[in-house]
Amino acid sequence: MRALLAALTLVLGLLIAPPPAAAATNLAAGKAATASGFTDVYRAANVTDGDQATYWESANGQFPQWVQVDLGAAATLTGLTLKLPAGWPSRTQTLTVQGSADGSGFATLKPSATYGFAPSATITLSGSARYVRLLFTANTGWPAAQLAEFEVYGESGGPGPDPEPGTNLATGKGIAASSHTHTYVAGNANDGDVRTYWEGQTYPNTLTVALGGDADLTSVVLKLNPDAVWARRTQTVEVLGRARGAADFSRLVAPAAYVFDPATGNSVTIPVTARAADVRLRITANSGAPGGQVAEFQVFGTAVPLPDSADLVADVGWTPGNPDPGDTVTFTVAIRNQGTIASGAGSHGITLAVLDGSGATVRTLTGSASGVIAPGATTAPVPLGTWTAADGRHTVRVVLADDPRELPDKRDNNTSTHPLSIGRGANMPYDTYEAEEAVVGGGATRIGPNRTIGDLAGEASGRRAVTLAATGSYVEFTTKAATNTLVTRFSIPDAPGGGGLDATLNVYVDGAFHKAINLTSRFAWLYGPEASPDNNPGSGPPRHVYDEANLMLDTTVPAGRKIRLQKDAANTSTYTIDFVDFEQVSPIGNPDPAKYAVPTGFGHQDVQNALDRARMDSALTGVYLPPGSYQTTGKFQVYGKAVRIVGAGPWYTRFHAPAGQSNTDVGFRADATANGSAFAGFAYFGNYTSRIDGPGKVFDFTNVADMTIENLWVEHQVCMYWGSNTDDMTIRNSRIRNVFADGLNMTNGSTGNHVTHVETRSTGDDSFALFSATDNNAGEQHGNVYENLTSLLTWRAAGVAVYGGYGNTFRDIYVADTLVYSGVTISSLDFGYPMHGFGANPPTRFENISLVRAGGHFWGAQTFPAMWLFSASKTFQGIRVSNLDIVDPTYSGIMFQTMYDGARPVNPVTDTVFTDVSITGARRSGDAYDAKSGFGIWVNELPEQGQGPAVGSATFRGLRFADNAQNIKNTTSTFTLNIE
């Protein structure tokens, strides 16, 4: 009988009413929601966010519980639609519908009844209310009230407070305070959430919002959380304003005492009649707290259109992009007009100064561009001169002459500063020349910048490149040193059905045709799912659109000569050139013909035979590989004793996987009987066209030690090196390019290894990784040193990634232009493998790191910063970061994130200290992820669905910000930033 009654109750609940008409308007959409309580990240705001996947959950085991929505004005109500997340098991919940005009006294609109959620329920109503509350007393599916969407239908109007007077001009604008208490920072006061708030310290407190331009103001609305737990209080507030271009603030509204009372919505409206671009509150008293408190600072009025003005900014560049001490650094500046009208027609002077760490000027260069610069246009780069790089941290300051067509407040943009740290990254034997900084002609066009995946500018170095589309178009470089080689990073279109196209591009020296370089798009152009793209153009949008090609010149081209890439009639494709490398090379001879076996040919078995002779002959030290193209079909086996395998250099001794195949597993395997071996002076060009996990590693080593890998060039493989329990290895002076997974990864107890002077370009997973997994070896991973490394253009994952371990050091590292992920990942995520977390002592150290144009978006809509700290499935502790420079990050500078197991944060960030950190240029992205951008430091409150706010703390000493949309965003109560 009891079961029958329950079933009848459920049926009655389902049959109460049909859903509201499809054309009806949900009056609750986006409105403020509050609740009697919540569990973890399942807050009341989730019920009005329009996303059925997010939900509110009350405190467990504590019925009754309520959730309510403030419609903003009284409304005549006709019905409700209540939803749980799609796919949840059916359940019933027992609830009462209540209404209120002022958020204080509530009347019953619908008596208590049991409703079935599968996953939604509908309820008919009659009556009027501004505040609609659901009072829950039972849930058969969970010991708490649960609701994903709270939709209210009816007609606005009726008795009650007036709705907000127009558009809130302060939403998302820059906001700053004279002080704040704990985590109650200024950004809380215009984030659209009345549950978060700003609180000042010593009076007077000021809170200032920059509207971005003049507005004719009508009112300022100040709100606190309308929940009754916020008791009635009085605050003394003065309103000040500053018009665009004005130096000082003036009084708009005299100081007065304003009453904030939950019974009337905890909101105060202050009428204002003035024109201002910046609006400031000056608070001198608060009866409810020792400092001013504002949950939402809203400014209403009409924006005044900005007057037309030119607005000149400097786009500074230098080559090499990451100089070593003693390098000759060449500076250029292009002038961009980001204004709405053309500049003046005269000369636009440029002054560039290089400042050392103390701020002293060590070099001054000048130049100019002439003529009118149209709005949105950029001049050609202006060569300014050179500077001999000195070790250490420097600043490049560029000052443009004021233009007569710039308004005074735009002239602040004429001065810009840019960090330049010398001595970070790998010291490589070639010079890199950016195409956009070279001479172009014949219809060639410079493209960029942007950060769009699959775009020719967005995936280019520096996010700029040069396109050669017309016959006769060219890009021309002047050599800084002698060279007899050329490497170019390029893009040509894919075949319509995928699989790649072949083309040639002509090379000229000093205006005379020299020879053609062969290009193919076979190894580029992946499509489809971001985590596992393939070669099928029909599977989705493209990414990884660039590749590289190399050419031995027929002669040595001296310094100061001109090398040109030109599209002629014989060159049938369209070409985009990102950069070129020039390098002077010569073959390395046999170290000792008496002690080195030499293959009798260039086939795979010829080399294996030589390795076997060296192994079996006690008089032989190793194998010498003379210049030539070696055809390889599998893995070479090295065992029996330590041997040295030496080639004539990576330009001369080259292994090639079979041209008629794809994804051939070539390279070396060795066992512990070969400990102490060395591999040097050769290149591996694979035939991988997509990622295959498992094979494809040139060096696939397990349980070996004391080996040296140096002067290697690896391209079109899956990885160069994968080391599982490999100890005391040395990997140095090598180049890794266009691979489909990690450049180099050490795991499973690998200790005491040294990786130095290695450059990666365009890796398909972490360029340099350390992963303290234990599935093959249970030992701790420590004592590894990764130093003087360069990671460029990583197209999937990070430049440097560290997962657990202790006592490991990463220093003198340069990372630039990651496409979708962080520049540096510091994470305790185990990926489902057994793994050690981070140990406390010795700590894991990151020293002298530059992260330039790093970050991106991946895994759906998650945005990644330049440096990402993720406390995940294992302990997160013992992290020390010093001398970190973050420049122009795509979304944010440093982000903290915590993994959750359901409602429970798994591990907090602990014992993490940053010293001497500079973050510049974290700007709003302007793309689909704009709301998740522009933060110097972001304590992420909700990175992904099913997770929650970051938990823990971090300490910063010597923190510097410049040119960020918002220096710090921390709206959580679970994470503390200690800034000393």
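In this chain, numbering begins with 1 at the start of the sequence shown. Small disclaimer: the values here were computed from a predicted structure and weren't measured.
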Legend entry - Shortest non-hydrogen separation from Phe477 to Tyr433 and the atoms involved: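 Smallest heavy-atom distance, with atoms named: CD2-CB, 3.6 Å.
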Ring centre gap for [X] and [Y] strictly below 6.0 Å:
X      : Y      : result
Phe831 : Tyr803 : yes
Tyr508 : His514 : no
Tyr684 : Tyr630 : no
His857 : Tyr929 : yes
Phe685 : Trp713 : yes

Inset, instruction - Would you give the length of the straight line joining atom CZ of Phe858 to atom CD of Glu530, rounded to the nearest 0.5 angstrom? - result: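 The CD atom of Glu530 is 4.5 Å from CZ of Phe858, to the nearest 0.5 Å.
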Legend entry - Positive for side chain to side chain contact (heavy atoms under 4.5 Å, CB included) with Thr319, one of Asp431, Thr330, Thr332, Thr328: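 The single option meeting the side chain to side chain contact (heavy atoms under 4.5 Å, CB included) with Thr319 is Thr330.
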Pair [X], [Y]: side-chain N/O donor-acceptor within cut-off below 3.5 Å:
X      : Y      : result
Ser662 : Arg522 : yes
Trp859 : Tyr821 : yes
Ser690 : Asp534 : no
Arg424 : Ser850 : yes

Inset, instruction - Give a yes or no on whether a salt bridge exists between Arg732 and Glu710, defined as a side-chain N under 4.0 angstrom from a carboxylate O. - result: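 Yes, Arg732 and Glu710 are salt-bridged.
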Inset, instruction - Measure up the Phe701 and Phe679 rings against each other and bin them: parallel (under 30°), tilted (30 to 60°), perpendicular (over 60°). - result: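 If you compare the ring of Phe701 with that of Phe679, the planes turn out tilted.
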Inset, instruction - Would you please name every residue forming a side-chain hydrogen bond (donor to acceptor under 3.5 Å, both in side chains) with Asp578, sequence neighbours left out? - result: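 Applying side-chain hydrogen bond (donor to acceptor under 3.5 Å, both in side chains) to Asp578 gives Arg489.
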Inset, instruction - Verify side chain to side chain contact (heavy atoms under 4.5 Å, CB included) between Tyr430 and Thr432, making sure each step is shown before the conclusion. - result: CA-CA 7 Å; Tyr430 42 82; Thr432 299; 4.1 Å; yes
